Structure formats: structure tokens, C-alpha cells
Amino acid sequence: MLDPDRLLAGLNEAQRQAVTTVDGPVLVLAGPGSGKTRVLTHRVAYIVGVVGVPAWHLMAVTFTNKAAKEMKERLGQLIGPAALDQLTIGTFHAICARLLRREAQALPFDDRFVIFDTDDQVKAVKQALADLNLDEKTYRPQSVLGAISTAKNELIRAEDYQAANYWHEVAGRVYRRYQAILRANNALDFDDLLLETALLLKEDEALAARYRARYGFLMVDEFQDTNTAQYAMLRSLAAAELADAPHNLCAVGDEDQSIYRWRGADYRNIMRLRKDFPGIRVILLEQNYRSSQTILDAARSVIDVNAHRTKKSLWSELGEGDKITVFEAYDEQEEAAYVVREIERRVGAGARYGDCAVMYRTNAQSRVLEDAFVRARIPYQLVGGTRFYERREVRDVLAYLRFVHNPRDEIALGRIINVPPRAIGPKALSALAARAKVAGLSAWEALCDLAAGSTPDALLPPAAQLDSRGRTALVRFQQLMEEAIVGRDLLPVDQLLDQVLDLSGYARWLKDGTEEGEERWENVQELRGLALEYHHLPPQEGLTAMLEGAALTADTDTLATGVADRVTLLTLHAAKGLEYPVVFMPGLEERVLPHSRSIDDPEALAEERRLFYVGITRAMRKLYLVHTFRRTLYGSSELADPSRFLKDLPAASLEQRSKSLGQVAGSRSAAGRSTTTTWAPSRPVSSTGRPSTSAPPAAGSAPQTRHGAGGPRPAAPALAAQFRGGDRVRHSHFGAGVVVSSLVKDGDEEVTVAFVGGAGVKKLMQRFAKLEKV
DNA sequence: AACTAGCATTTTTTT
DNA sequence: AATGCTAGTT
């Protein structure tokens with residue numbers, strides 16, 4: 001038993017309410033940094049340790065493995081390892097997978113089902129399209145998959161799929177075919193895990209009653225990220241329909257941090273919850289324990305633009321704090337250099353690398369940053385990026401294991417049958433497929449049949465006949481896999497992996513002596529290291545557990561916090577739930593944040609804003625918002641507009657760190673790159689449109705001009721007239737009297753201009769000409 | 001069957 | 001920019 005006073009000590013009133021209100025449903029609206037995880041863990045501890053409910057009655061659901069892990073760690077300290085072991089804590093997907101395996105006898109797949117990831121899904125859709133003779137250009141696998149996923153998230157089965165138009169009518173056909181392929185492969189995709197669980201609980205009342213009896217207390221983290229399927233599942237478990245049920249559901253969430261709309265999340269589930277559980281207690285957590293008031297003010301004025309939300313007023317006792325720095329760099333290289341410079345400066349002043357994080361919209365942005373960190377020898381850790389489990393060699397090896405585990409997995413088979421090259425080409429494969437079809441066998445069964453030689457070729461249609469070379473190659477493959485499958489029931493996973501690598505020749509093939517081969521082999525070794533963790537389990541179980549872990553684990557989960565003193569580089573999505581004293585957000589430009597794909601959809605745009613909000617609220621003490629003048633996107637470099645979100649920041653919270661025009665910027669390279677500036681609209685502008693004398697392209701100078709694209713040289717007065725208040729001008733100083741500037745007009749053209757004055761004009765112009773060639 | 005070059009396409013976020 | 005895909009070559 002826990003001492004309630006000690007448990008509740010240090011919690012504020014609202015938190016205390018959230019922890020101790022254990023009879024009936026509770027909705028906790030928790031602003032960023034308001035101690036949400038603390039509330040969740042203490043609530044569990046309270047229910048178990050103070051109320052005295054057996055731990056196995058509790059289920060705590062999270063979205064990420066990371067969150068689940070963190071909760072476990074914190075709970076271990078509160079309630080001890082014994083009680084912790086009895087709790088059900090995990091991600092939606094993991095909990096569903098476990099439930100479905102247990103209840104598989106009631107379902108159209110068996111408990112050895114595999115989980116198809118995105119790549120497998122694409123392959124299955126392509127297969128479905130091929131089966132239906134559909135063109136991949138008109139019905140792009142990604143799009144069709146998107147439609148299928150949306151349907152599944154809305155709990156719509158293939159047979160219930162309603163088509164709104166012809167394209168969707170076809171998509172529906174693909175959906176049905178795709179589902180048939182999954183069934184044949186004994187596979188479920190991510191969405192199936194949720195859909196099957198939700199529908200099972202909805203349709204099998206006896207089963208649902210069983211689970212309700214088992215899990216009397218439900219806790220859900222990040223509730224705003226639930227989709228329809230997840231919501232339905234929770235609704236069944238919490239017995240929304242049964243008036244006399246205890247409804248001990250505790251949902252914790254924040255609609256302002258809903259950033260997974262694209263995968264079906266619907267923050268309106270918060271409203272739904274209030275409707276479905278009329279007596280629900282709503283508790284607001286508004287005190288922030290993380291950030292300075294300046295940061296909170298900025299966050300608030302950004303998020304208040306979004307409509308349809310419960311406005312929260314975040315406040316903090318941590319004081320005003322530093323201003324937010326907004327900086328405009330020339331391009332992404334300079335942006336990265338700036339981040340590096342500031343980090344070095346802060347570290348020089350006593351900060352730790354580990355205090356700093358760089359948060360960006362897309363993983364693609366990490367490269368330039370990484371380069372800069374490497375060059376500056378700043379230790380960093382990258383979260384996400386090319387995910388470990390997505391590397392080709394890792395997927396190949398996993399495919400071998402998957403196939404050994406479940407020979408019906410034809411996606412895995414397709415992946416490995418000719419890797420390493422075994423002279424099994426398209427011809428042999430189509431013949432094999434034909435043989436399977438004729439005999440009504442799976443591909444693997446057809447292979448076995450072929451190896452046994454029980455069906456004479458003469459009896460088969462021509463498409464299914466094999467020449468001796470193809471036959472030999474296929475039979476050889478069948479034999480080696482047969483041998484590997486024998487090992488499945490005898491060897492622990494790590495040894496099974498060794499055996500498969502050896503038998504298949506994959507290890508030998510991969511180690512081809514090149515540097516790349518070496519790197520890939522290292523990844524395989526890392527996978528082997530993971531397999532070792534399942535060594536203690538009985539062979540079958542170990543293999544299942546390992547494959548499930550591989551399917552349901554993202555690299556974000558491997559984020560080592562506080563392990564080493566390193567700067568963390570991560571996407572805004574990955575940053576949710578984290579906090580750092582110093583946060584940099586680069587790429588605050590239109591088409592990056594908000595992302596180009598969200599710009600013309602108001603709902604998507606609102607989500608981009610929430611993403612920005614999430615980024616801001618990660619910062620404890622210092623926030624840097626960085627944008628560039630020019631950015632390379634999708635391979636082409638274009639002028640960038642500052643993100644519209646920057647306009648919503650309160651001026652009083654900001655500190656502009658771009659040099660004003662006329663100041664000499666430290667040019668650090670031959671290219672003369674330095675800072676950019678914004679002409680304040682308030683700057684006096686003469687009636688001709690020319691800036692007044694205080695403005696630089698100025699006084700007594702004889703402007704020499706040059707258009708970026710080699711266009712005509714406007715005459716000096718004409719050019720000067722092009723400068724207007726509000727124009728963004730970037731400039732560098734190369735020496736006495738010469739200012740090289742870049743000027744944007746109408747946001748679509750960068751004009752490079754040289755203003756020359758004073759002595760040594762000729763010499764300087766030569767130098768300028770040379771620079772222009774670079 | 002395996003390899004190559006040239007082509008096109010495509011780029012968000014994650015379980 | 002980087003990747004995947006197709007078609008053509010060895």
C-alpha cells in the first residue's frame with residue numbers, strides 16, 4: 001500500500017483531481033508541459049497502491065513505444081516491478097496484436113500471422129493491381145493504399161466499401177483483392193490490427209464482456225490522436241453503451257497537439273467522448289512546468305489562430321525568460337552554420353550539447369545540418385531518418401526469418417527467392433505462380449511439389465512448364481529453405497538467423513569486400529544483436545516475438561535520452577512529448593512549414609500550425625526560429641518566403657537577429673555569404689519609391705548592376721527605384737565601398753546588385769566578377 | 001538471367 | 001537529390 005499523501009505531494013490541485021477521480025470517466029485536457037505523464041503514472045499508482053485494485057485490472061494505452069517505455073520506467077519506481085509486470089501497458093498496435101493472437105481461433109487468420117509494414121503493403125497492392133489487370137499509373141499504389149487505409153481507420157471492411165466515384169469503385173475492387181492477398185499470406189497490416197480488434201469487440205458481445213471484466217480501468221495517452229477504430233475499441237472496452245457499467249476510462253489529451261490527422265487521427269474524438277460519456281469529468285491542466293512565459297505567450301498567440309478548440313491559458317512560474325530569436329539565413333548551408341555557431345556559443349557559455357535540439361519538418365532537412373555538425377565536430381544524435389528496419393539488408397534478413405516462420409508469406413518469399421541471385425528470374429517465377437494456381441497451392445507448396453517431382457510437367461499448361469535450368473534453381477532454393485525451416489523449431493532466434501544467413505548464402509553475398517557491403521553487414525550484425533534479446537525464449541516464441549518487435553518498432557523509440565552529451569536532431573513529429581532547454585527550428589518557410597502538401601487544405605494547414613505549436617512548446621528556456629532566403633527543395637533552389645506562422649508571433653517576444661541593411665556583415669567565405677535583412681516597412685521611403693538617404697544602396701554611390709539570370713542591366717536610377725520598403729535585401733561587404741546585395745522583387749526573382757563607391761573601384765569590381773563566377 | 005543506363009517520378013509526418 | 005522503374009545490353 002502506498003501512502004496517499006506522499007503520492008499526491010507535489011501535485012497541483014488539477015493534477016490531484018485527475019489522479020484521484022477514479023470512479024467514472026475522466027477527460028484530462030493537458031497543455032504542453034503540464035505534467036501529463038506524471039498524472040497518468042500517479043493515477044495508475046493511486047488505483048493500484050491506494051484504492052487497492054489488482055494491477056492486472058488496468059490497461060494503459062499509448063501511441064508510441066517510447067511513451068509506453070517511459071511510463072513503465074516511471075511506474076516501476078512508484079509501484080515496484082511485481083505490480084508493473086501485471087499491468088497491461090503498450091501501444092494500441094501492440095496491445096491489439098496480442099489480443100488478436102489470443103483470440104485468433106475466432107478470426108479468419110491464425111495466431112502466427114505476420115504484420116505487413118508499409119513496404120509489404122505496397123507490394124501486396126501491386127500484386128492486387130496486377131491480378132486485376134489495372135494500370136499502376138492510373139491507380140497509383142500509394143493512393144490506393146491511402147484509400148484502403150482511410151477506410152480501415154473508419155472501420156469500413158472491403159466488402160462494405162462504398163464508392164463515391166469510378167476511381168473509388170476501382171479502389172474498392174483493389175481493396176477486396178488486397179484483403180484476399182493478406183488472408184492468403186496470413187498477414188495483417190497496421191490498420192488491420194486496430195480494425196479487427198475494434199470490430200471483434202463490437203461484434204462479439206461475450207468476448208467484449210470478458211475483456212471488460214478483465215480491464216476495469218483504462219488509461220489512454222494522447223487521446224487526440226485516436227482514429228475511429230481506436231476510439232471504437234476504447235468505447236467497447238469502457239462500455240459506453242451500458243448505463244450501469246463503471247466507465248473507468250481516463251483519457252488524456254490536447255487537441256492543440258493533434259498532429260496525426262494524415263493517418264486517420266481525429267481530435268474531434270474528444271468531443272465524441274464528451275457526448276458518449278455524458279457524466280465525464282473534464283479536468284484542465286493549465287500550469288506549465290517547462291517553459292518561460294515568453295515561450296508560452298508565443299505558443300499561445302500562434303495556436304489561438306486555430307478555430308474550434310477549447311482555449312487554454314497556459315501559465316508558468318518560471319518567469320519571463322529570454323526573447324525568441326528569429327534569424328534569416330541565406331540558404332540551408334548558412335542556416336546550418338548559424339545553428340552550429342549558436343550552439344558553440346552557448347556551449348562556450350556553459351550549456352551542454354545535450355541541452356540543445358534541432359527540430360525540423362521533414363527528415364530531408366537533416367542532411368545539411370548533419371554535414372555542418374560533422375564539420376564542426378559537434379556531437380549529435382539523429383532520431384529517425386533512414387530507419388533501421390527499412391534498410392534493405394535488414395528487410396532481406398527479416399524476410400528470410402518471416403518466411404521461415406510463416407511459409408505462406410509470399411511477400412517475404414518474393415523478396416528473398418532471388419536474393420542473393422540464384423538464377424530465378426521472371427520466367428521461373430511466373431511458371432511457379434502458374435503451377436500454384438493450377439494446383440490450388442500456395443507458392444511454397446508448389447515449390448515443395450516441384451521438389452518432390454510428383455507432378456509431371458507434361459500434364460501442365462505451357463505457362464507452368466519449366467526448363468531444366470529454372471527447375472534446378474527452384475528446387476535448390478526449396479531445399480535450402482526446407483532445411484532452414486527445420487531449424488525454426490530447434491534453434492533460438494539468433495542461431496536461426498546465423499543458420500539462415502549461412503544456408504542462403506546471403507552473408508557471403510553481402511560481404512563482397514566493398515565498403516558498402518561492410519556497412520550493410522554491420523547492420524545485419526546489429527539485427528543479430530537484437531535477436532540475441534530473444535535468445536532465452538523457446539524457439540517458436542522467440543521468433544514470433546522478434547518479428548513482432550521488428551514490425552511494431554520505430555526508430556524513434558531508440559532515442560537515448562541523457563545517455564551522452566549530444567545535440568538531438570529530430571522531426572517535429574518525433575519531438576512530441578520531449579523537452580529541451582534550447583530548441584532550434586530551422587526551415588520556417590512557406591512550403592516547408594507549412595509543408596507544400598498542406599498549403600491548400602485548411603484542415604491540413606491547421607495541423608501544420610499545431611506542429612509549429614508543438615515545436616515552440618518543446619523549448620524550456622531559449623527558442624531559435626530560423627528561415628532562409630533561398631532554399632533548395634526537391635532538387636531546385638528557389639527563393640523562400642518566411643512561414644506565415646511567423647507573423648502570428650507577438651512582436652514583444654521576439655528578437656530579430658538579422659543584420660540591418662548598411663551594416664557590414666562578416667563575410668566568411670569567398671562566396672561572401674552572410675546575413676540577410678528585412679527592410680522594415682516603417683523605414684522612410686522617398687516618393688520615388690527609392691529609399692531615403694539612410695538606406696544603403698545609397699549615397700554617392702554609382703550602382704553597377706547585374707541581373708542574376710544574366711538579364712539586362714537596368715540603369716542606375718531605374719534599379720534604385722526597384723528598392724521599396726518591405727523588399728527583402730541580402731547583402732555582403734567585400735571591402736571598401738563595395739556592397740553586394742541580393743534583392744527580391746515580387747518574391748520570385750533574385751537580383752544581384754553591386755554598389756560601388758570610393759576608391760579602388762576597378763579592382764573591387766574584378767573581384768566581384770570573379771565571385772560571381774563561383 | 002544479370003547488369004546498366006537512362007528514364008521518370010517523387011518527395012511529410014509513423015504504428 | 002535521390003530513388004525506383006523500364007528497357008536495352010551483355
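What's counted below: heavy atoms across the whole structure, side chains too, no hydrogens, waters or symmetry copies. Remember, it's a predicted structure, so these values are computed and weren't measured experimentally. So you know, we letter chains A, B, ... as the sequences are listed, proteins then strands, and number each from 1.
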In whole angstrom, give the distance that lies between atom CG of L633(A) and atom C1' of dT10(B).
13 Å
What is the distance, to the nearest angstrom, from the CZ atom on R591(A) to the P atom on dT10(B)?
17 Å
Taken in chain and number order and not counting sequence neighbours, the residues that satisfy salt bridge (Lys or Arg N to Asp or Glu O under 4.0 Å) with R101(A) are E548(A)
Give every residue pair that meets the salt bridge (charged side-chain N to carboxylate O under 4.0 Å, His left out) criterion with at least one member in residues 220-237 of chain A, sequence neighbours excluded.
K36(A)-D221(A), K36(A)-E222(A), E222(A)-K576(A), D225(A)-K576(A), R235(A)-E241(A), R235(A)-D276(A)
Tell me, please, which residues at least two apart from Y178(A) pass ring-ring contact (aromatic ring centres under 6.0 Å, His included).
none
Under-4.0 Å side-chain N/O to phosphate OP1/OP2 contact, T571(A) with dT14(B):
yes
Only counting residues at least two apart or in another chain, list the ones meeting side chain to side chain donor-acceptor pair (under 3.5 Å) with T88(A).
Y215(A)
Go through dT13(B), dT11(B), dT14(B) for me and flag the one nearest to the T362(A) side chain.
dT13(B)
At under 4.0 Å between heavy atoms, what does Y260(A) touch on the DNA or RNA strands: base, sugar-phosphate, or nothing?
sugar-phosphate
Going by centres under 5.5 angstrom and planes under 30 degrees, do the aromatic ring of W262(A) and the base ring of dT13(B) stack?
yes
What residues, two or more places apart in sequence or in another chain, satisfy ring-ring contact (aromatic ring centres under 6.0 Å, His included) together with F63(A)?
F92(A)
Among L195(A), T228(A), D191(A), which residue satisfies the side chain to side chain contact (heavy atoms under 4.5 Å, CB included) criterion with N153(A)?
D191(A)
Taking NE2 from H573(A) and P from dT14(B), how many angstroms apart are they, rounded to a whole number?
7 Å
Rounded to whole Å, please give me the gap between CD1 in I259(A) and P in dT14(B).
9 Å
Checking salt bridge (charged side-chain N to carboxylate O under 4.0 Å, His left out) for the pair D120(A)/R395(A): CA distance, chi angles, key distance, verdict?
CA-CA 10 Å; D120(A) 303 321; R395(A) 297 188 53 88; 3.1 Å; yes
Partner set under ring-ring contact (aromatic ring centres under 6.0 Å, His included) for F584(A), not counting sequence neighbours:
Y624(A)
In whole Å, I'd like the distance from the CZ atom of R610(A) to the P atom of dT13(B).
18 Å
Assign each of E608(A) and H93(A) the nucleotide of DNA chain B bearing its closest heavy atom; nearer the 5' end lies the nucleotide of E608(A)
Within a radius of less than 6.0 Å around CZ of R183(A), do more than 12 heavy atoms belonging to other residues, nucleotides or ligands occur?
yes
Could you encode protein contacts along nucleotides 1-10 of chain C as a string, one character per nucleotide from 5' to 3', using B for base contact, S for sugar-phosphate-only contact and - for no contact, with a heavy-atom cut-off of under 4.0 Å?
SS--S-----
Length of the line joining D601(A):CG and dT13(B):C1', which is rounded to integer Å
15 Å
Categorize R140(A) for me: base, sugar-phosphate, or nothing, with a 4.0 angstrom heavy-atom threshold over every strand shown.
sugar-phosphate
Each nucleotide N or O in nucleotides 1-3 of chain B that has a protein N or O under 3.5 Å away: list the pair and distance.
unit_1	atom_1	unit_2	atom_2	d
dA1(B)	OP1	G425(A)	N	2.8
dA2(B)	OP1	A423(A)	N	2.8
dA2(B)	OP2	N418(A)	ND2	3.1

L570(A) CG - dT13(B) P separation (whole Å)
12 Å
Measure from NZ on K66(A) to P on dT14(B) and round the result to the nearest Å.
10 Å
Could you list the residues that satisfy ring-ring contact (aromatic ring centres under 6.0 Å, His included) with F113(A), not counting sequence neighbours?
F109(A)
Selection residues 591-600 of chain A - residue pairs positive for side chain to side chain donor-acceptor pair (under 3.5 Å), sequence neighbours left out:
S596(A)-Y634(A), S598(A)-E608(A)
Would you mind listing every salt bridge (charged side-chain N to carboxylate O under 4.0 Å, His left out) that reaches into residues 421-431 of chain A, with sequence neighbours excluded?
K427(A)-D467(A)
Quick check on contacts: within residues 185-200 of chain A, what sits under 4.0 Å from DNA chain B by heavy-atom distance?
F190(A)
